[in-house]
Q: 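Okay, handing you the structure first.
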Amino acid sequence: MSNLIKQPNINSTVILRADILKENIYDPEKGDSTFVSKLINEYPEFPPCKIDDQVTKESKGEESKESEESKESEESKESQATKESQATKESQATKESQETASDFTIESESNGETKYKPSLEVLSRNLDDISFKTIPALNPLNLVTKYEIIRRIIPRNPYKDHIINQTCLVLTAEGSVLVVYIPHISKREETPFYLPPVYGVGILYHNSTLSIHYLPFNYDNTSTEGPSLRELDSSERPIRIALRLLQTSSKHSLGAKTGYEKRVNHDVVVPKISFQNRYISLKKKYSSNLVNLWCESTDPKKHVFEDLAIAAFLIEFWNLRYPHKDFEFRDLGCGNGLLVYILNMEGYKGKGMDARARKSWSTYPQEVRNNLLEQIVIPSILLKPHPAVRKIAPNVTDNGRVYQVPEITTGSCKEVPVSYHTSASLLKSSQICTTEEFPSNTFIIGNHSDELTCWIPLLGFPFIVIPCCSHALSGSKMRYSPRKRISTPIKSPTKSSTQNISAYSTLVDHVEDLSARMGWITEKEMLRIPSTRNAAIISTKKFAEFENEDPEINQTRVLDILALEGGAEGWVENSMALMKKSPRNH
């Protein structure tokens, strides 16, 4: 039951979190204890933001140049892609649509178009009321109060749903437990959307049976509101909420009874409150325009909120590690450029690069467009001579290799035309990024960057990697073997346990292992984003023995890793071919 108190979003997707303000524990054996949070006298604060309409202005300017036929074609493609996405990810889309509905007020334009517009101010009720609420003294089960808690419920969109305080009571007796929720409001009309419109809610476990009980406002006057609750149909909202509460209470109580443990832990690197407050602020500032003006074939409800959450995490992480913003970021494989746009607009200096430009790029302000580069990443170690050769012949600047890249042709063609590129020409090409041109204070972002995922820890810069699809250092698809774990006499890994390890988890482990071999001190965070591929490996410093080492030693280590990994033969050709293919969407 304690999980339902500390994690109220289990019961409602509209609720973001609950901050515990006060807690009294009554224990006859260990003694009573009291906890008072420093948040109790603080009003919830969100990073200040002003709705930025620059994207709207830029986009309208671009749209005015397009023909109506082009618009209709793009809308048709987007509609078709959205339908396909919803067919394959129905449960995901349902959750995201619920979140979207809570993020905006929805307005219909005269032309029938739907527009999402954020509300203007943070809403709250009675936050200065921090006194414990009570329930009637009628107590046939002889229940005794064990816990008294006041929590502050923060909705996902506090610009639309009110922040309130709520008393939570846990009463126990032999074989019985009663959990009571009492919001700090005075009348039914003040009830926020995410709560049932009653004075209090009780979840009772008694005689091996779980039941839910509502205490109406004005409960001492049964002629006014009591009968109306009893006569409600099962399809009405208060009853649906009751059934939902029963389902989640049963599920989590059974899980606790059977020894269930969470498989992942969130908020290890960045505090939960600072991340979520930043996320709320970024949503208010950007999400309305981004959702309305989305021009990609992918679902904006996923990509917009995912990149806003990643941006919120990065900003709070950088506030901890780089408080003076003395760095630049490089987003490798930036795709639609949305993350670059958000970070640039928030005052962070950096660029993004991808093998192909996206339609979204033209919708961003000019200063952001200048930071989106159509380039492919080929690490310089694949084009330059071996350190041993450089010692013998210091004037040699490339490894002398020639690469063949098949051209994409239309129709049937017996012979596929091939273009030839030398290492020397690639090193001079403006379409190639070797990472050597990056400033020394660069921080690399690899957000679902596929082929680049395993390369990023080898490039020599602080980084965050959010793996997605598994590829080898050659760029070809690869499924890595499970990490070898040391068995003990008490517990050893079984065959079935190793078979259940996913390709994604082995990729994440492999990125961590590569980072360790390069001397990086890594941290791992399971990001709060609408994606199952949400692991982030982060590092900003190396172990002492790896710091300030000779560049030649570092290069030799990278070459050794390449040899152990089976080499990178084919990387240059595969990367060059990406520029000629249609972009992938995920």
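Keep in mind that what you see is a predicted model, and the values were worked out from it rather than measured.
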Q: Does the side chain of Glu367 pick up a donor-acceptor pair with the side chain of Asn371 at under 3.5 Å?
A: no
Q: Is a donor from one side chain sitting under 3.5 angstrom from an acceptor on the other, for Tyr43 and Ser124?
A: yes
Q: Count the heavy atoms of every other residue, nucleotide or ligand shown that sit under 6.0 Å from NZ of Lys541, and state whether that count exceeds 12.
A: no
Q: Over 60° means perpendicular and under 30° means parallel, so tell me whether Phe317 and Phe443 are parallel, tilted or perpendicular.
A: tilted
Q: Can any side-chain N or O of His162 pair as donor or acceptor with the backbone N or O of Glu190 at less than 3.5 Å?
A: no
Q: Hey, can you tell me if Trp318 and Tyr348 have their rings parallel, tilted or perpendicular (30° and 60° cut-offs)?
A: tilted
Q: Looking at Trp571 and Ser476, would you say the former's side chain and the latter's main chain have a donor-acceptor pair under 3.5 Å?
A: no
Q: Starting from the C-alpha separation in whole Å, work towards a yes-or-no answer on salt bridge (charged side-chain N to carboxylate O under 4.0 Å, His left out) for Asp161 and Arg156.
A: CA-CA 8 Å; Asp161 298 306; Arg156 288 188 181 275; over 6 Å; no
Q: Any non-hydrogen side-chain atom of Tyr194 less than 4.5 Å from a side-chain atom of Ile153?
A: yes
Q: Can you tell me if Thr506 uses its side chain to pair, donor with acceptor, with the backbone of Ala503 under 3.5 Å?
A: yes
Q: Within a 6.0 Å radius of atom NZ on Lys272, are there more than 12 heavy atoms belonging to other residues, nucleotides or ligands?
A: yes
Q: Could you check whether any side-chain N or O of Trp455 sits under 3.5 Å from a backbone N or O of Leu473, counting only pairs where one atom can act as donor and the other as acceptor?
A: yes
Q: Can a donor-acceptor pair be found, under 3.5 Å and without considering hydrogens, that links the side chain of Asn277 to the backbone of Glu45?
A: yes
Q: Fit a plane to each ring of Tyr341 and Tyr364, take the angle between them on a 0 to 90° scale, and name the class: parallel (under 30°), tilted (30 to 60°) or perpendicular (over 60°).
A: parallel
Q: Does Glu296 use its side chain to pair, donor to acceptor, with the backbone of Ser360 at less than 3.5 Å?
A: yes
Q: Does any N or O in the side chain of Glu525 come within less than 3.5 Å of the main-chain N or O of Val268, such that one atom is a donor and the other an acceptor?
A: yes
Q: Is there side-chain contact between Leu195 and Ile185, with at least one heavy-atom pair below 4.5 Å?
A: no
Q: Donor-acceptor check, side chain of Thr522 to backbone of Ser539, threshold 3.5 angstrom: yes or no?
A: no
Q: Sub-3.5 Å donor-acceptor pair from the side chain of Asn534 to the main-chain atoms of Met526, do we have one?
A: no
Q: Could you check whether any side-chain heavy atom of Arg17 comes within less than 4.5 Å of a side-chain heavy atom of Ile273, counting everything from C-beta outward?
A: yes
Q: List the steps, then state whether side chain to side chain contact (heavy atoms under 4.5 Å, CB included) holds for Leu339 with Cys334.
A: CA-CA 7 Å; Leu339 186 58; Cys334 66; over 6 Å; no
Q: Would you mind telling me which of Leu459, Thr453, Ile376 makes a side chain to side chain contact (heavy atoms under 4.5 Å, CB included) with Leu332?
A: Leu459
Q: Just by distance, do the side chain of Tyr159 and the backbone of Ile280 share a donor-acceptor pair under 3.5 Å?
A: no
